[in-house]
Amino acid sequence: MRVTKAIKAEQIRILEETYPDAKPALTYNSPFELLVAVVLSAQCTDERVNIITARLFPTYSNPADMLALGVSKLEVLIRDCGLYRAKAANLIKTCDILVHTYHGEVPESFDELIKLPGVGRKTANVLVSVLFGVPAIAVDTHVFRVSNRLGLAKGKTPEEVEEKLKKAIPMEKWSAAHHWLIWHGRKICKARKPLCGECPLAPVCPSADKEA
DNA sequence: CTCCCGATAT
DNA sequence: ATATCAGGAG
């Protein structure tokens with residue numbers, strides 16, 4: 001199947017129709033909490049992050065309190081999400097910067113966010129999109145995999161996929177499309193065993209299984 | 001490019 | 001046993 005511009009438009013239409021209520025699956029009650037949750041979510045399911053933040057946020061819901069907690073104690077609290085030493089060290093450094101440079105607030109620009117330790121392109125895109133309403137497409141493992149399989153945006157790196165997605169999708173739908181693709185990756189277009197048999201995009205997907 | 005890393009699904 | 005999970009730093 002050749003994925004034409006018309007087919008890409010149809011893919012986007014079906015995604016929008018299938019996942020109208022797509023939103024972040026991470027639980028948070030402030031910009032700082034979302035920042036922490038997204039940093040913790042690297043190579044970890046959002047479900048597990050929610051378990052960890054549920055026992056973290058009641059006591060440590062702002063950068064000053066988390067900074068006072070310290071690296072080693074934070075490591076213990078977030079151990080179950082993996083990559084915990086790097087995440088703890090980065091989060092404490094970021095808390096220090098938030099407290100001493102941004103008056104305890106989360107900065108609103110992509111350029112400022114991406115300078116924070118532990119905050120890369122994907123996390124910064126999530127934050128500006130979800131928190132501050134900036135049109136953005138964060139390319140995580142799901143968006144990367146689904147976009148490549150659909151032929152909606154093929155690329156060898158997340159940044160390349162991000163560029164192509166922005167060309168294939170109208171800007172007003174960027175932030176929503178990011179969530180459509182994640183939901184689709186989680187529920188249907190799974191990494192290991194994609195459920196092509198029950199996928200509404202199968203007719204317009206070049207990677208769909210050809211089964212009965 | 002490698003390394004970080006525990007929990008879960010297959 | 002191994003691949004994968006809302007990646008980022010060195």
Side-chain angles (χ1 to χ4, degrees), chain A residues 15 19 21-28 31-57 71-72 74-98 106 110-132 134 136-149 152-153 155-162 165 174-197 207 209:
Chain A
L15 283 167
Y19 306 101
D21 301 319
K23 58 176 177 55
L26 297 168
T27 55
Y28 64 97
F32 175 70
E33 289 189 356
L34 181 61
L35 189 163
V36 173
V38 178
V39 168
L40 292 180
S41 71
Q43 297 295 292
C44 179
T45 62
D46 50 3
E47 186 182 354
R48 181 145 298 279
V49 171
N50 287 337
I51 293 172
I52 291 171
T53 55
R55 66 191 186 217
L56 184 66
F57 290 160
V71 177
S72 55
L74 181 57
E75 282 181 357
V76 176
L77 289 171
I78 69 171
R79 179 175 43 83
D80 289 352
C81 73
L83 310 178
Y84 64 93
R85 280 189 283 257
K87 289 173 182 175
N90 284 329
L91 281 174
I92 293 300
K93 287 181 194 168
T94 284
C95 286
D96 189 53
I97 295 171
L98 293 182
V106 175
F110 180 89
D111 290 338
E112 289 173 298
L113 287 166
I114 205 169
K115 288 177 187 165
L116 298 172
V119 177
R121 185 174 189 85
K122 176 258 172 178
T123 301
N125 270 323
V126 169
L127 296 177
V128 297
S129 169
V130 174
L131 295 177
F132 309 124
V134 176
I137 302 179
V139 178
D140 57 47
T141 182
H142 294 303
V143 175
F144 185 80
R145 179 183 67 254
V146 173
S147 297
N148 271 296
R149 281 182 178 166
L152 177 60
K156 297 188 180 89
T157 67
E159 196 164 353
E160 191 180 345
V161 169
E162 181 184 334
L165 282 174
W174 284 359
S175 296
H178 154 71
H179 288 111
W180 302 337
L181 290 165
I182 288 189
W183 243 246
H184 189 58
R186 280 165 46 95
K187 300 200 168 196
I188 305 283
C189 197
K190 301 179 182 183
R192 276 214 175 164
K193 190 179 146 196
L195 307 177
C196 301
S207 306
D209 284 345

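The analysis underlying the following values was restricted to heavy atoms, covering all of them including side chains, and did not include hydrogens, waters or symmetry mates. Chain A is the first sequence line, chain B the second, and so forth, proteins listed ahead of strands; every chain is numbered from 1.
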Tell me, do L113(A) and T123(A) make a side-chain contact under 4.5 Å, heavy atoms counted? no
Starting from the 5' end of DNA chain C, give me the residue, I114(A) or V126(A), whose nearest nucleotide shows up first. V126(A)
Rounded to whole angstroms, how far apart are CD on E162(A) and P on dG7(C)? 14 Å
Taking the side chain as C-beta and beyond, is there a heavy-atom pair between E162(A) and N125(A) under 4.5 Å? yes
Is the phosphate of dC5(C), meaning OP1 or OP2, less than 4.0 Å from a side-chain N or O of S41(A)? no
Take atom CD of E160(A) as the centre, draw a 6.0 Å sphere, and report whether it contains more than 12 heavy atoms from other residues, nucleotides or ligands. yes
dA9(C) to dA7(B) separation - P atoms, rounded to the nearest Å: 24 Å
Whether R145(A) contacts dC5(C) is assessed here as follows: a side-chain N or O lying under 4.0 Å from the phosphate OP1 or OP2. Is that the case? yes
Mind checking if P24(A) touches a base, just sugar-phosphate, or nothing, with heavy atoms under 4.0 Å? base
Listed nucleotide nearest any side-chain atom of Q43(A), set dA6(C), dC5(B), dA7(B): dC5(B)
Do P158(A) and K122(A) have side chains that approach each other closer than 4.5 Å (heavy atoms only, starting at C-beta)? no
Does the side chain of H179(A) pick up a donor-acceptor pair with the side chain of Y19(A) at under 3.5 Å? no
Going by heavy atoms in the side chains, are V36(A) and F57(A) under 4.5 Å from each other? yes
If you check every side-chain atom of H178(A), which of dA7(B), dA6(C), dG8(C) has the closest atom? dA6(C)
Between dC3(B) and dA6(C) - P atom distance, rounded Å: 24 Å
Taking the minimum atom-to-atom distance to the side chain of N90(A), which one of dT4(C), dG7(C), dA9(C) wins? dA9(C)
Heavy-atom nearest nucleotide on DNA chain B for C81(A) versus K193(A): which residue maps closer to 5'? C81(A)
To the nearest Å, how far apart are L113(A) CG and dG8(C) C1'? 15 Å
Looking only at atom C1', what distance separates dC5(B) and dA3(C), rounded to whole Å? 14 Å
Gap between atoms CD1 and C1', on I51(A) and dT8(B) respectively (whole Å): 11 Å
Tell me: NZ of K190(A) to P of dA9(B), nearest whole Å? 10 Å
To the nearest angstrom, the CG-P distance between L91(A) and dG7(C) comes to 15 Å
For the pair made of CG in L83(A) and C1' in dT4(C), what is the distance, rounded to whole Å? 12 Å
Distance, rounded to the nearest Å, where Y84(A) contributes OH and dC5(C) contributes P: 22 Å
Side-chain N,O (R48(A)) to OP1/OP2 (dC5(C)) below 4.0 Å: no
Between R192(A) and V38(A), just flag the one whose closest nucleotide in DNA chain C comes earlier from the 5' side. R192(A)
Within the 4.0 Å heavy-atom criterion, would you say L181(A) contacts the bases, only the backbone, or no part of the nucleic acid? nothing
Base, sugar-phosphate, or nothing: which does G82(A) touch, judged by heavy atoms less than 4.0 Å apart? base
For dC5(C), does either OP1 or OP2 sit under 4.0 Å from a side-chain N or O belonging to T141(A)? yes
What is the distance from NZ of K93(A) to C1' of dG8(C), rounded to the nearest Å? 12 Å
